[in-house]
Amino acid sequence: MGSLTDKLSPSITNMIRMDHTHVLTTFHQYEMDSSPQTKQALVNTACLALEIHAELEEEIFYPAMRDVGADTPVLDKSVPEHNEMRQLIAKLRSMEPTDSEYDQTFMELMRVVIHHVADEETTLLPAAERLLADRLGELGAQMTKRRLQLVAPHAGEIAVNTVRGFPTTSMLVAAGAVLAGTYFARRTFGRHA
Ligand SMILES: [Fe+2]
Ligand SMILES: [Fe+2]
């Protein structure tokens with residue numbers, strides 16, 4: 001039986017969609033003639049968001065799908081695709097934004113991400129909404145709680161990259177997903193978060 005917290009929580013599937021939107025919004029701010037500092041801030045924002053998102057899916061979402069017997073090729077290739085992203089993230093972090101291959105490497109990462117996100121949003125998330133219909137809020141609350149733990153050590157870095165990477169208006173949009181999650185978690189879990 002779901003608790004009140006579980007019922008009030010955004011569903012896990014909508015939280016996953018919000019994360020995807022946040023990463024794509026970050027990507028859309030990246031321009032070839034942006035300053036190296038702006039490029040690096042946007043890449044840092046996208047990479048950290050992707051790492052935390054992949055971890056949350058692997059710890060909470062994919063196991064819940066496997067538990068209810070979801071058996072799709074998309075689920076099978078999801079972790080290998082996350083690992084492909086992790087390799088590209090490591091490569092980007094070893095580079096300077098002025099390196100000749102920096103833009104191309106970020107585009108390669110985003111091509112993998114867009115393909116992966118398309119598969120999740122057209123296959124896995126609708127399947128989750130059928131198979132896990134009565135657990136979506138409970139799993140969303142679990143994800144929010146775990147997200148706070150994963151984000152906490154990076155709070156300062158996230159703020160700096162957001163300010164450097166985004167002009168004021170889009171910063172509000174970009175920060176929206178993260179802040180909404182944090183606000184919800186504080187309100188819900190209070191001192192225990
Ligand atoms: Fe994923
Ligand atoms: Fe995802």
Side-chain angles (χ1 to χ4, degrees), residues 6 9-30 42-93 105-133 135-152 154 158 161-162 165 170 173-182 184-185:
D6 298 347
S9 176
S11 68
I12 190 167
T13 45
N14 279 337
M15 292 182 104
I16 288 172
R17 290 185 183 99
M18 274 203 304
D19 277 358
H20 293 167
T21 302
H22 175 225
V23 170
L24 293 179
T25 303
T26 305
F27 169 52
H28 293 158
Q29 295 296 315
Y30 192 100
L42 291 167
V43 165
N44 288 345
T45 297
C47 289
L48 184 59
L50 283 169
E51 281 179 324
I52 289 173
H53 179 76
E55 187 66 32
L56 291 171
E57 286 184 336
E58 288 176 20
E59 285 185 22
I60 297 165
F61 180 57
Y62 298 157
M65 289 296 281
R66 288 190 200 101
D67 282 351
V68 288
D71 178 22
T72 75
V74 171
L75 191 54
D76 290 340
K77 67 192 177 96
S78 55
V79 177
E81 285 181 359
H82 284 181
N83 289 336
E84 195 182 346
M85 291 176 211
R86 289 181 175 111
Q87 280 173 12
L88 287 164
I89 288 170
K91 189 173 170 190
L92 277 163
R93 286 197 177 128
T105 307
F106 186 48
M107 296 303 140
E108 203 181 330
L109 171 63
M110 292 318 300
R111 193 163 47 77
V112 175
V113 167
I114 288 169
H115 172 90
H116 180 81
V117 161
D119 278 347
E120 287 188 343
E121 294 201 9
T122 60
T123 308
L124 272 194
L125 300 186
E129 284 162 357
R130 283 195 308 274
L131 297 166
L132 294 166
R135 295 193 59 209
L136 296 172
E138 170 209 335
L139 290 166
Q142 245 185 68
M143 194 179 247
T144 300
K145 206 167 180 180
R146 181 68 180 128
R147 180 192 304 276
L148 282 182
Q149 294 172 340
L150 294 173
V151 164
H154 302 283
I158 290 169
N161 285 321
T162 304
S170 53
V173 176
V178 176
L179 293 178
T182 309
F184 170 78

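One-based numbering, in listed order, for ligands and for the atoms of each. Side-chain atoms are counted along with the backbone in the values below, which use heavy atoms only and exclude waters and symmetry mates. Since we're looking at a predicted model, the values are computed, not measured.
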Interatomic distance, CG@Asn83 vs OG@Ser78, rounded to 0.5 Å, equals 9.5 Å
Separation between CD1 (Ile114) and CZ (Phe27), nearest 0.5 Å, reads 5.0 Å
Taken by chain and residue number, the protein N/O/S atoms under 2.8 Å from the Fe ion (ligand 2) read His20 NE2, His53 NE2, Glu57 OE2, Glu120 OE1
(message) So, 2.8 Å as the limit: is an N/O/S atom of Ser78 located closer than that to the Fe ion (ligand 1)?
(response) no
- Under 4.5 Å between any side-chain heavy atoms of His22 and His53, yes or no? no
d(Glu108 CD, Gln87 CD) to nearest 0.5 Å is 10.5 Å
So ring pair (Phe, Tyr, Trp, His ring centres under 6.0 Å) across residues 114-133, not counting sequence neighbours, yields His82-His116
Parallel, tilted or perpendicular: which describes the rings of Phe106 and Tyr30, with under 30° parallel and over 60° perpendicular? tilted
